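A short worksheet on the structure shown next.
Order of the sequence lines fixes the chain letters, A, B, ..., with proteins taken first and strands second; residue numbering starts at 1 for each chain. Keep in mind it's a predicted model, so treat the numbers as computed, not measured. No hydrogens, no waters, no symmetry mates; every other heavy atom, side chains included, goes into these values.
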Number of protein chains: 2
Amino acid sequence: MARIKIEKNGSRKELIVGKAASLFREKGFKASSMRDLAEAVGVEAASLYNHIKSKTELLHELCFGVANRFMQHMDETESKKITALQKVEDLIRFHIAEMIEHYEEVYVSDREWKYLEDPYLSNFQNQRRMYRKRFAAIVEEGMKQKQIKKMDAPTVVLILLHAIGGIESWHRSTQKINADALTENMVSMLVGGLKP
Amino acid sequence: MARIKIEKNGSRKELIVGKAASLFREKGFKASSMRDLAEAVGVEAASLYNHIKSKTELLHELCFGVANRFMQHMDETESKKITALQKVEDLIRFHIAEMIEHYEEVYVSDREWKYLEDPYLSNFQNQRRMYRKRFAAIVEEGMKQKQIKKMDAPTVVLILLHAIGGIESWHRSTQKINADALTENMVSMLVGGLKP
DNA sequence: GTAATAAACTAACGAACGTTAGCAATTAAT
DNA sequence: ATTAATTGCTAACGTTCGTTAGTTTATTAC
């Protein structure tokens, strides 16, 4: 009856959430069972409930952890004294960095949020909509200042966000180029596509 | 005990596969039950098995239906007598059109293929890899001919394919711009991002 | 050292799932 | 009109699921 090994900084719950991120990313939320998760943690399924309330709570933790980081960064970017185009590049770089460094959480948050339950679901959707609106407003500002060519701003945002999601495939890839090169390639292509 | 209504052209099985596409797109493959599907079709769950072999067979039909269309179009594009950059634009336009016209099937094929079972799973993955390789080869050819700026070709393909996946959000959107405008926006931005 | 707390275990629950068997009703073929 | 083939139905099967109850073991606090 050995206890879960704990890293220096982090509760048992955090360890479980981390393993859940990995599992949900690999198999999807619905296809991941609590017994799967228990095995990954090295414990019986019932034991997990000493640390978490439910399976969906794990999804809350993951989704809102990611959403909060993105929201906070949006605050920072908006208040920077740089051009709108530079702000867009800043956002793109942050998305790429998050996707590279916190791949599993970001991926799960992106693909599995629909399995959240109200009121978390509505809350998450609102945050998401808000984020995109703020992003689109920056893009629009860039168009007004002729730094970005005239296009439908919400569409531009969709393209940018989804394009960055492509890093998923890079992560799985066996022969991957290094992270810096990937970042520069993406920024070059995406920012390049914006210019008039 | 009324029978399933049938459109002029199409078997009962095709009707069921169509409803499955819609259901799987909305809720995901694992979260969609055969009882859900039966209700959408207007029949009891057990009755579905007079027309299909299993739940996964529905996923096979959807995934390979889409994959075959894309493979066939790749054949056609490759043999066209146009520049590499024009071929890339041709592929992009096809992807966009497919995403707009056959949204649900394409979406399901893209996001739910991992629930295929071997040997279908391996087969699908191989087709997918092959397709991307051929796409990347065209991109590389475009770089050699200075029509496309020098970048990591596989990365470019990932970005392009995922960016087009963003049409998903367009489909859900309430205030959507029209399909033609969307297409031109996307092509402009994506092809624009490729040029030196 | 003893008591209190935290965290593991075994066993089992009710619900939902994909699927099968057997039968009834409808449609198509002769 | 009779037969054969389709296509629906009800009932139930064996699994797997998330979760709870109750208990035992390990750690922490005094």
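- Asn50(A) contributes no side-chain N or O that forms a donor-acceptor pair with the base of dA6(C) under 3.5 Å.
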| request: Go through the steps for Arg35(A) and Glu39(A) under the test salt bridge (Lys or Arg N to Asp or Glu O under 4.0 Å), then give the verdict. | output: CA-CA 6 Å; Arg35(A) 287 166 178 87; Glu39(A) 188 177 1; over 6 Å; no

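- For the residue pair Glu44(B) and Ser47(B), no side-chain donor N or O sits within less than 3.5 Å of a side-chain acceptor on the partner.
- Each end of the helix from dG1(C)-dC30(D) to dT30(C)-dA1(D) gets its own rotation axis from five pairs of C1' atoms, and the angle between them is 20° to the nearest 10 degrees.
- Set against dG8(D), dT19(D), dC9(C), the side chain of Tyr49(A) has dT19(D) as its closest nucleotide.
- Taking side-chain N and O atoms only, Arg12(B) has no distance below 4.0 Å to OP1 or OP2 of dT6(D).
- Applying the salt bridge (charged side-chain N to carboxylate O under 4.0 Å, His left out) test between Glu105(B) and each of Arg25(B), Arg111(B), Arg69(B), Lys19(B) identifies Arg69(B) as the sole match.
- A heavy atom lying under 4.0 Å from DNA chain D marks the following residues of residues 35-46 of chain A, by number: Arg35(A), Ala46(A).
- When the side-chain nitrogen and oxygen atoms of Ser47(A) are compared with OP1 and OP2 of dC9(C), one or more of them lie within a distance under 4.0 Å.
- The ring-ring contact (aromatic ring centres under 6.0 Å, His included) contacts involving residues 135-188 of chain B comprise Tyr103(B)-His171(B), where partners must be two or more places apart or lie in separate chains.
- Checked for salt-bridge contact, Lys13(A) and Glu61(A) meet the test: a charged N lies under 4.0 Å from a carboxylate O.
- Near DNA chain D, defined here as any heavy-atom distance below 4.0 Å, there are no residues from residues 17-33 of chain B.
- Side-chain N/O atoms of Thr155(A) and Asn185(B) include no donor and acceptor closer than 3.5 Å.
- The nearest whole Å value for the distance from the CG atom in Leu59(B) to the P atom in dG18(C) is 13 Å.
- With salt bridges taken as basic N to acidic carboxylate O contacts below 4.0 Å, one links Glu168(B) and Arg172(B).
- For the side-chain hydrogen bond (donor to acceptor under 3.5 Å, both in side chains) test, residues two or more places apart in sequence or in another chain that qualify with Glu184(A) are Arg93(A).
- Listed pair His51(A) / dA8(C) meets the phosphate criterion, a side-chain N or O lying under 4.0 Å from OP1 or OP2.
- Remark: P of dT19(C) and NZ of Lys55(B) are 8 Å apart, rounded to the nearest angstrom.
- Val157(B) and Val139(B) get closest at one heavy-atom pair: CG2-CG2, 4.1 Å.
- Among Phe64(A), Tyr131(A), Phe70(A), the one residue that satisfies the ring pair (Phe, Tyr, Trp, His ring centres under 6.0 Å) test with Phe124(A) is Phe64(A).
- Gln125(A) pairs by the side-chain hydrogen bond (donor to acceptor under 3.5 Å, both in side chains) definition with nothing, not counting sequence neighbours.
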